[in-house]
Protein chains: 2
Amino acid sequence: MRDAVPAQPNTCQGVVALHELRSHCGTCGLRTLCLPLGLDEAGMHRLDEVVTTRIRVRRKGMLYRPGDRFTALYAIRIGTFKTIVLAEDGREQVAGYHLAGEIIGLDGIGDDRYTCQAAALEDSEVCVLPFGPIDRLSAEIPTLRRNLLRILSRDLTREHAMMLLLGSRSAEERLALFLLNVAERYQTRGYSAREFVLRMTREEIASYLGLKLETVSRLFSSLQESGLIQVQGRAVKLLDSAALRRLVDRRE
Amino acid sequence: MRDAVPAQPNTCQGVVALHELRSHCGTCGLRTLCLPLGLDEAGMHRLDEVVTTRIRVRRKGMLYRPGDRFTALYAIRIGTFKTIVLAEDGREQVAGYHLAGEIIGLDGIGDDRYTCQAAALEDSEVCVLPFGPIDRLSAEIPTLRRNLLRILSRDLTREHAMMLLLGSRSAEERLALFLLNVAERYQTRGYSAREFVLRMTREEIASYLGLKLETVSRLFSSLQESGLIQVQGRAVKLLDSAALRRLVDRRE
DNA sequence: CGACTAGTTGAGGCCAGTCAATGTTGGTGG
DNA sequence: CCACCAACATTGACTGGCCTCAACTAGTCG
């Protein structure tokens, strides 16, 4: 469960830095989701000057680990990440499932060290947002400053929803909500909301939802049984998302 | 469970604005915990110019509700608050337990509306931090800018820990962790870590920990039975916090 | 082809939830 | 001051949803 990758402790395995002569936020397909949202020409250009590096992370590679010195935020350009929180006693839980366009590493701002672990679920690529320069730039560009805070705040709200899920919903409701949430996020990225491929194993999904993998597996089967979804391993098709929604919203 | 206070829907019941001729962050006993942390004389003074209003919220009064327009953050000066997240289907869960010196309202930054509800657990008082002015000031004062981000980020980390608690810990571990956490926070505020009065009912604690009130009540009794704590309603004395810690940290 | 990882399914047990009765506390008005 | 009431808390008996343990299957990669 720990590192699937052989070893080299505390190294960013599978991480290859590459300097691009130009990486343009202004032409990036994700600019309407990402940090540059709403920036004008000039602002975009100045951001480009600061965001000069990308990192490739191969499947199962770690982007950062708890305790690593915080130097940068990362914008996911391609691929998918999970973030994991670790307890002192070795217990761990998937805390986030992050798609392209999202910013990760925000937990590191608090005490200059990352507090959780980010692992790529498939071969991925992130833009490095060096925190110092970004922060200084944000002093001059109100929109950028606002975007940063906005992203943090929305994460907070997302986690509130997650806490509600973990604290007061049944296993079935959790899975239904998870599927609807993923569907919605794929949709805002221009992909199908009806049909997608999950990048997590049953065990990772279970951990994320506060369940056990057997329970998740059973639930996939039973939702398929009742005709709400169609599952083939990690490929999921939502056949009746209205019914899924009803599963979640049944008032007590 | 909803509003214990008679009615006046969507009004800030029990809220009384009062302008103080001078409210000084620089002399506030909480300045080492709060937003002004690390600010120099000049910065402190400029913050003071912006933080001119305080609000009194009586027990069970709401400081803000979901959907209210976001205009300000609030620093708790005196008292205790809980924040509650609400689901569309009426379910609700206590998402936070906030002591003096903490900032609440951060969830409102994301979409210019608060997404959760803040209610006072006892007669309390907050400093109003009007967001626009604070934001503009943060452009000029790097420390203030940093503090804002830091507070947000730490909240994120705190919620990660909460997700781990809700997702992978037993009822007993949850309560033990809760008590240790509260003890620690009282300690950093200069109060006893051994003895304190909880400001939440059993039901609120249960909701916060993803349990039912009966379970929490039983756990209080059984922890007392085994000599780890002493309980008298909401007054708690930790008799053996090392043992509590061991309860939490038992590796699986 | 064998070893390994991921996923499915079944049988049984336990932890926490549910329902219900009773006890305790604190605020209010006579 | 005390009686009363409502909110809060405790405790017991029972139930059930999810976990645990375990066997088996399907796909993948060297």
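Letters A, B, ... are given to chains in the order of the sequence lines, protein chains preceding strands, and every chain is numbered from 1.
- Contact annotation for B:Thr201: backbone-only contact, meaning every heavy-atom pair under 4.0 Å involves sugar-phosphate atoms and none involves a base.
- Taking the ring centre of B:Phe220 as origin, the terminal cationic atom of B:Arg202 falls inside the region bounded by 6.0 Å and 45° from the ring axis.
- Between the CD atom of A:Glu225 and the C1' atom of C:dT8 there is a distance of 13 Å, given to the nearest Å.
- Taking only side-chain atoms of A:Lys60, from C-beta outward, the nucleotide of C:dA6, C:dT18, C:dG7 with the closest atom is C:dA6.
- The listed nucleotides are D:dT11, D:dT10, D:dC21; the one nearest the side chain of A:Glu214 is D:dC21.
- Closest to the side chain of A:Lys212, from the set C:dT9, D:dA9, D:dC19, is D:dC19.
- If you check every strand for non-hydrogen atoms under 4.0 Å, B:Arg174 touches nothing.
- For B:Ala171, taking side-chain heavy atoms from C-beta onward, the closest of the listed nucleotides C:dA16, D:dC8, D:dT10 is C:dA16.
- The interatomic distance linking A:Arg234 (CZ) with C:dT5 (P) rounds to 14 Å, in whole Å.
- As a whole-Å value, the separation of A:Arg169 CZ from D:dG17 P is 17 Å.
- A salt bridge is defined here as a Lys NZ or Arg NE, NH1 or NH2 lying under 4.0 Å from an Asp or Glu carboxylate O, and A:Arg91 with B:Glu173 meets this definition.
- Look at CD1 on B:Ile205: it is 7 Å from P on D:dA9, rounded to the nearest Å.
- In summary, the side chains of A:Glu122 and A:Thr80 do present a donor paired with an acceptor at a separation below 3.5 Å, with no hydrogens or angles considered.
- Rounded to a whole Å, the CG atom of B:Leu213 is 16 Å from the P atom of C:dA16.
- Side chain to side chain, B:Ser207 and B:Glu204 fail the donor-acceptor criterion of an N or O pair below 3.5 Å.
- In this entry the distance linking CZ of B:Arg199 with C1' of D:dC8 reads 15 Å, nearest Å.
- In the set C:dT9, C:dA16, C:dT18, C:dT9 carries the atom at the smallest distance from any side-chain atom of A:Arg218.
- Protein atom CZ of A:Phe220 is 8 Å distant from nucleotide atom P of C:dT8, rounded to whole Å.
- When each of A:Glu172 and A:Gln232 is assigned the nucleotide of DNA chain D bearing its nearest heavy atom, the one mapping closer to the 5' terminus is A:Glu172.
- At the phosphate of D:dC18, neither OP1 nor OP2 sits under 4.0 Å from any side-chain N or O atom of A:Thr215.
- Rounded to whole angstrom, the span from the CG atom of B:Leu175 across to the P atom of C:dA16 amounts to 12 Å.
- Between A:Thr115 and A:Val85, every side-chain heavy-atom pair lies at or beyond the 4.5 Å cut-off.
- For B:Leu211, taking side-chain heavy atoms from C-beta onward, the closest of the listed nucleotides D:dC19, C:dA6, C:dA16 is C:dA16.
- For B:Ser217 and D:dT11, the shortest distance from a side-chain N or O to OP1 or OP2 is not below 4.0 Å.
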